[in-house]
Amino acid sequence: MKAVAWKLGKSQDKLIYVVQVDNIQGVRNENRLLKELREWQHYGEGYDAKSKNKTLMFKSHFDTEDEWKDWARAFPYDLVEVGKSGKEKPYKLGLAYQNSRHRRSSNGKR
């Protein structure tokens with residue numbers, strides 16, 4: 001499974017982000033994802049009959065971009081954020097962040 005996220009806009013001074021997860025194979029993987037995103041609003045879905053993969057979209061509100069990044073860095077799947085131009089943002093999120101050798105540990109040391 002791979003996920004793409006983007007900022008949809010603002011509503012009542014909160015940032016709205018959308019996460020689209022592609023290549024979901026099987027009910028077990030779908031249920032794991034739904035559990036992980038249980039606090040998010042289901043936003044849309046798609047299905048590829050040829051590959052039998054599902055796509056799910058969710059949206060949620062965040063107070064700040066830092067709050068968004070904290071959540072996105074802890075997301076347990078591959079995740080990239082794209083800007084309005086369609087280009088990927090240069091920072092690591094999801095598994096790429098968690099597996100990074102250069103990220104700081106929780107006690108502030110490397």
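The structure displayed is predicted, hence computed values, not measured ones.
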Is there a side-chain contact between W40 and W71, using heavy atoms and a 4.5 Å cut-off?
yes
Would you mind reporting whether R32 and E36 have side-chain heavy atoms less than 4.5 Å apart?
no
Please list, chain by chain and in numerical order, all residues satisfying side chain to side chain contact (heavy atoms under 4.5 Å, CB included) with [X], sequence neighbours excluded.
X: N23; value: N53
X: T64; value: D66, E67
X: A3; value: V19, V21, F75, L79

Rounded to the nearest 0.5 Å, what separation is found between the [atom1] atom of [X] and the [atom2] atom of [Y]?
X: S51; Y: D22; atom1: OG; atom2: CG; value: 10.0 Å
X: I16; Y: H61; atom1: CD1; atom2: NE2; value: 4.0 Å
X: M1; Y: L56; atom1: CE; atom2: CG; value: 9.5 Å
X: L15; Y: F62; atom1: CG; atom2: CZ; value: 9.0 Å
X: Y43; Y: Q41; atom1: OH; atom2: CD; value: 8.5 Å
X: I24; Y: Y77; atom1: CD1; atom2: OH; value: 9.0 Å

Closer than 3.5 angstrom, by distance alone: can the side chain of Q25 be matched with the main-chain N or O of K52 as a donor-acceptor pair?
no
Residues which pass salt bridge (charged side-chain N to carboxylate O under 4.0 Å, His left out) with K69, listed by chain and number, not counting sequence neighbours
none
Residues passing the salt bridge (charged side-chain N to carboxylate O under 4.0 Å, His left out) test with K54, sequence neighbours excluded, are E30, E45
Do V4 and W68 sit in the same hydrophobic cluster, where Ile, Leu, Val, Met, Phe, Trp and Tyr count as joined when their side-chain heavy atoms come under 4.5 Å apart?
no
Under the criterion side-chain contact (heavy atoms from CB on, under 4.5 Å), I'd like the reasoning laid out for V18 against M57: C-alpha separation, chi angles, the key distance, then a yes or no.
CA-CA 7 Å; V18 175; M57 294 173 60; 4.0 Å; yes
Applying side-chain hydrogen bond (donor to acceptor under 3.5 Å, both in side chains), which residue pairs with at least one partner in residues 1-14 are found, sequence neighbours left out?
K7-E65, K14-D63
Residue pairs passing the salt bridge (charged side-chain N to carboxylate O under 4.0 Å, His left out) test with at least one member in residues 73-83, sequence neighbours excluded, are E81-K89
